[in-house]
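Lettering of chains follows the sequences in order, A, B, ..., and the numbering in each one begins at 1. Here the structure is a predicted model, which means the values were calculated and not measured.
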Amino acid sequence: MILGVQRLVHDRVAAAIQRQFAVTDVPAFTVEVPPGRALGDLAVPVAFQLARTLRKAPRAIAQELAGALGTIPGVARVVATPNGYLNLYLDRPAFLVDRVVPARAARLGEDLDRGPSAKTIVEHTAINPNKAAHIGHLRNAALGDTLVRALQYRRIPVEVQNYIDDTGVQVADVIVGFLEIERLSIDEVRRLADSTRFDYYCWDLYARVTEWYEGDKARLEIRAATLRDLEHGARPVSELGAFIVDRIVRAHLKTMARLNIGYDLLTFEGDILRLKFWAHAFDILKAQGAVFLQTEGRLEGCWVMRIEDEADGGADAAEDESIEPSGESIEPKGESIEPKGESIEPVKDAAAREKVIVRSNGVVTYVGKDIANQFWKFGLLGRDFRYHRFADQAGGRTLWATTSLEGEAGAPPFGRASRIYNVIDSRQMYLQALLGQALRTLGHPREAENSIHFSYEMVALSHDTARQLGYPEDTGERKPFVEVSGRKGLGVKVDDLLDLLAEKAAGEVARRNPTFSAEECRKVGDAIAVGAIRYFMLKFSRGTLIVFDIDEALSFEGETGPYLQYAVVRANNIFQKLKERDGLTEAAMLEGLERASAEELADEGAEADPHNLWALVFEASRLDDVVDQVVRSLEFSVLAKYAFGLAQLFNAFYHRYSILNEERADRRQWRAAGVAYVRQQLSRALDLMGIGVPARM
RNA sequence: GCGCCCGUAGCUCAGCUGGAUAGAGCGACGGCCUCCGGAGCCGUAGGCCACAGGUUCGAAUCCUGUCGGGCGCACCA
């Protein structure tokens, strides 16, 4: 709850510049938070920018500006520093009272409402429905779900979609496993599914199928045939496929629900095919000349899309064209001639600029289907799915699914968004760029601009962890990590990890709380496990490859989710104690706060304790500013680090200052108000990360 | 070869649209429970921010190049 103040300061300073210096177009400038409270609460470095045009020293400009500013509501004083900064000190008591007294806080909240925003779709998770979810999938879901929460915090209407590739090779592989390796009938598979951890079973089977193919390459024919049957809805295969997909998708949903992750809509790829979305999109693409039939060379008989140079990633800045430095030939220096294929080099080069959309056998590729899907999301396809209720989720939230059969009444208006975030790891950047290109080619530059590939690096395993999982050391491997591979069955399953964390956490809870029942320990342990794993997934910036180490992830100390949860629990305990000991509620404690002497907040200057009450309150207020940054940069590590820093600040404060045991009533009251505020803000920050806080732990 | 990402403390990583002294966790070493819970707090040691240029009042941050690493560039998704 600091953004409003920042905006106000910005506007007042801009106005003062215009008045004082007769500048018509004020340069863009920032209102920032100085490194320590001794330098004020907000700082404006605009004098540096003005120095050149005004031909004056920054210091002189800052001083004039400070004088011309007049009073700003909520700002106690403005100081021009010797080097040219404008430092602003807030009216501390009013600031805290505004945020902690319910009536006033409600008014602040209205700041956030800035009219109806355009609808946004976030697509995340999208795990192939043929095996259990692993930690790579978890990073996707954790990032996606946090994005959703952050957008909702900014009051942006969000629709969460989970794309289900029910007609792809991966599902086909498991079908092959059941039919060809295990030789099971559908009924036998059903029985198996009812009597085992089916997603785990398929995990192993999928790895076995991979080996089976390697045993005899001719078996790949079976895979191709199975895939064809799956796409065309041919009887035994498609029926088994539908069963497997349904069971695995439900397993994934259950796993994600443990992590407080839910969805609004499951989009089944099969429905895109059956409802002829692709056929329709294909007509559009052909009519506009976005795809053409290649009549020669390697790709003869394929419908291809030409890849343009500027089809770079969507999430990043739209740059103005860089000047080409004239196409002189780059000398291939020395001996770098490949041992083989020298004659196909140029052909390969030309063909590399074309992407196959429809194979020569007439089967559409993933890209084609995804283009159709993206068009539908923007409401550009002129067609819609039918929908049915798929499941009930936590908090009464209904999960819908697409269908090509009879639809169910009461479905919300899905799709038709003006902005789309596709959460997919960076390896698919190339394909995501194609989506933007297709939109641009068809005359939808704005939609292309709003097709955002939320890209992040993959999760790999540390050698230690791979060894612990029983995977043999790859001696030829020199990389510092081991890549997760569903195909090889190499990875840490989400549920296994959660179980491990929950068990460890429950043990700790039991040790620390001898009076807790086993049930309580289990519940609290679950919450801690979620905190640990979700925080772990968010603390790295998205461009960082996570080398997952099980021992590191199992830690509950230092920069971890449980540390954050513990900070809130401590704050809770204070008010709990207040009630038990003095019979006072939080509201009663804060009664008459604005009339109490605010000496506690007055401590100022360079010698002030950097962990004092004001430092804590001010930091807690920055949440909205942080979320703003997070949504702009899609960098959730910023949120994670902020929350951690706030918890650290609170813990330090907690150790240094008594709250309930403070003798002076006014100090006690202000401290309690600060703690109440920090608890509220920290809880919100945790909620944005999908982390709940147990009452005790 | 082309494209994207990364290179910051012993290890793992933050550092947001350039701003005031480069941070955290872990590990190491040393302290702190008559007082709201020690999943905690305090302190010490540890950095040519890969390298070289450039832009700027100001660069870990922006630009160019070099070196080193990762990932993409399929009639897979």
Task: A:Ser360 or A:Arg632, whichever maps to the more 5' nucleotide of RNA chain B - done: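 Mapping each residue to its closest nucleotide by heavy atoms, the 5'-most match is A:Arg632.
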
Task: First encountered from the 5' end of RNA chain B, between A:Arg622 and A:Glu231 - done: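 The 5'-side residue here is A:Arg622.
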
For nucleotides 61-64 of chain B, list the nitrogen or oxygen atoms of the protein found under 3.5 Å from its nitrogen or oxygen atoms, one pair per line.
none

Sequence neighbours excluded, which residues qualify as side chain to side chain contact (heavy atoms under 4.5 Å, CB included) partners of [X]?
X	result
A:His611	A:Asp609, A:Leu649, A:Ala652, A:Arg656
A:Tyr535	A:Lys539, A:Glu559, A:Leu564, A:Ala640, A:Phe644, A:Met689, A:Ile691
A:Glu503	none

Task: Residue pairs fulfilling side chain to side chain donor-acceptor pair (under 3.5 Å) with at least one residue in residues 46-59 of chain A, sequence neighbours excluded - done: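 Only A:Lys56-A:Glu64 qualify under side chain to side chain donor-acceptor pair (under 3.5 Å).
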
Give me the distances for all protein-to-nucleotides 10-14 of chain B N/O pairs that come in under 3.5 Å?
unit_1: B:A14; atom_1: OP1; unit_2: A:Ser541; atom_2: N; d: 2.7
unit_1: B:A14; atom_1: OP1; unit_2: A:Ser541; atom_2: OG; d: 2.5
unit_1: B:A14; atom_1: OP1; unit_2: A:Thr544; atom_2: OG1; d: 2.3
unit_1: B:A14; atom_1: OP2; unit_2: A:Thr544; atom_2: OG1; d: 3.4

Task: Contacts of type ring pair (Phe, Tyr, Trp, His ring centres under 6.0 Å), residue A:Tyr163, not counting sequence neighbours - done: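 Partners of A:Tyr163 by the ring pair (Phe, Tyr, Trp, His ring centres under 6.0 Å) criterion come out as none, since no residue qualifies.
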
Task: Backbone N/O of A:Ser360 and side chain of A:Glu300: donor-acceptor pair under 3.5 Å - done: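 Such a contact is absent between A:Glu300 side chain and A:Ser360 backbone.
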
Open item on the list: Given 3.5 Å as the limit, does a donor-acceptor pair link the side chain of A:Asp425 with the main chain of A:Glu457, or not?
Closed with: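 Checking the backbone N and O of A:Glu457 against the side chain of A:Asp425, no donor-acceptor pair under 3.5 Å is found.
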
Taking atom [atom1] in both [N] and [M], what distance in whole Å separates the two?
N	M	atom1	value
B:A74	B:A20	P	45 Å
B:C33	B:G40	C1'	10 Å
B:G18	B:G30	P	45 Å
B:C26	B:A14	C1'	14 Å

Task: Intra- and inter-strand pairs of RNA chain B in dot-bracket (Watson-Crick or G-U wobble, both distances under 3.5 Å; | for another strand) - done: (((((((..((((.....[...)))).(((((.......))))).....(((((..]....))))))))))))....

Task: Partner residues of A:Arg668 under the salt bridge (charged side-chain N to carboxylate O under 4.0 Å, His left out) criterion, sequence neighbours left out - done: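 A:Arg668 satisfies salt bridge (charged side-chain N to carboxylate O under 4.0 Å, His left out) with no residue once adjacent residues are dropped.
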
Identify the heavy atoms of [X] and [Y] that sit nearest to each other, and give their distance.
X	Y	result
A:Val356	A:Val358	CG1-O, 3.6 Å
A:Asp166	A:Gly270	OD1-N, 2.8 Å
A:Val174	A:Asn130	CG2-O, 3.4 Å

Using a heavy-atom cut-off of under 4.0 Å over every strand shown, decide if [X] touches base, sugar-phosphate, or nothing.
X	answer
A:Asn87	base
A:Arg52	sugar-phosphate
A:Glu300	base
A:Leu578	nothing
A:Ala567	nothing

Task: Glycosidic class, syn or anti, of B:C33 using a 90° window around 0 - done: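 Syn for B:C33; the angle stays within 90° of 0.
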
TODO: Could you pull out all residues at least two apart from A:Arg512 that satisfy side-chain hydrogen bond (donor to acceptor under 3.5 Å, both in side chains)?
DONE: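 A:Glu508.
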
- [ ] Flag this pair as yes if the NZ/CZ of A:Arg570 is under 6.0 angstrom from the six-membered ring centre of A:Tyr654 and inside a 45 degree cone about the axis; otherwise no.
- [x]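 Yes, cation above the ring, under 6.0 Å and within 45°.
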
Task: Proximity to the side chain of A:Thr365 - top-ranked nucleotide from B:G25, B:C71, B:A77 - done: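 Given the options B:G25, B:C71, B:A77, the side chain of A:Thr365 is closest to B:A77.
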
Whole-Å distance between [N] [atom2] and [X] [atom1]?
X	N	atom1	atom2	result
A:Arg427	B:C5	CZ	P	17 Å
A:Leu220	B:C75	CG	C1'	14 Å
A:Leu434	B:G72	CG	C1'	12 Å
A:Glu483	B:G72	CD	C1'	11 Å
A:Tyr430	B:A74	OH	P	6 Å

- [ ] Take nucleotides 36-43 of chain B nucleotide by nucleotide from the 5' end and write B, S or -, depending on whether a protein heavy atom sits under 4.0 Å from the base, only from the sugar-phosphate, or from neither.
- [x] BBSBBSS-

- [ ] May I have all residue pairs that pass ring-ring contact (aromatic ring centres under 6.0 Å, His included) and include part of residues 32-58 of chain A, sequence neighbours excluded?
- [x]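 Sorted result for residues 32-58 of chain A: A:Phe48-A:Tyr85.
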
Task: A:Tyr657/A:Glu662 under side chain to side chain donor-acceptor pair (under 3.5 Å): CA gap, chis, key distance, verdict - done: CA-CA 8 Å; A:Tyr657 300 90; A:Glu662 166 59 38; over 6 Å; no

